[in-house]
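The structure under discussion appears below in the form of structure tokens.
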Amino acid sequence: MATSSIFANVKITEPKKAEAFVDALEASANEPIRKPSTPDIPVVTNADDIRTLMAKRFSDL
């Protein structure tokens with residue numbers, strides 16, 4: 001069960017370890033490093049650009 005570890009009880013009795021744990025939680029919440037798995041696809045809204053794009057598509061046939 002992969003989710004069982006998420007719900008584990010954490011017992012920290014030493015103040016330095018508790019402070020380090022809280023600092024790590026705050027750092028992960030404040031500065032998450034995320035990279036998209038795929039690049040953004042540009043949206044074409046200009047009618048002339050759409051015509052040009054479609055002309056290129058059908059000229060290859």
Side-chain angles (χ1 to χ4, degrees):
M1 291 186 195
T3 58
S4 63
S5 63
I6 295 172
F7 300 110
N9 291 333
V10 177
K11 184 177 181 181
I12 302 174
T13 56
E14 296 179 29
K16 287 184 180 181
K17 288 185 179 182
E19 188 175 334
F21 180 71
V22 171
D23 289 342
L25 287 176
E26 287 178 352
S28 67
N30 291 336
E31 299 178 23
I33 299 173
R34 296 182 184 141
K35 294 182 181 178
S37 58
T38 58
D40 291 338
I41 299 171
V43 178
V44 179
T45 57
N46 185 349
D48 292 331
D49 291 340
I50 294 170
R51 284 187 190 99
T52 305
L53 181 65
M54 295 304 285
K56 287 180 185 178
R57 180 178 174 208
F58 290 117
S59 67
D60 293 338
L61 295 177

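Side chains are part of it too, since the values below use all heavy atoms of this structure and drop only hydrogens, waters and symmetry mates.
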Please list every donor-acceptor pair under 3.5 Å in which a side-chain atom of residues 15-27 meets a protein atom from a residue at least two apart or in another chain.
none

Table please: side-chain donor-acceptor pairs of residues 41-49 below 3.5 Å, with sequence neighbours left out.
from: Asn46; atom 1: OD1; to: Asp48; atom 2: N; distance (Å): 3.2
from: Asp48; atom 1: OD1; to: Arg51; atom 2: NH1; distance (Å): 3.2

Output for pair (Ile50 CD1, Met54 CE), nearest 0.5 Å, gives 9.0 Å

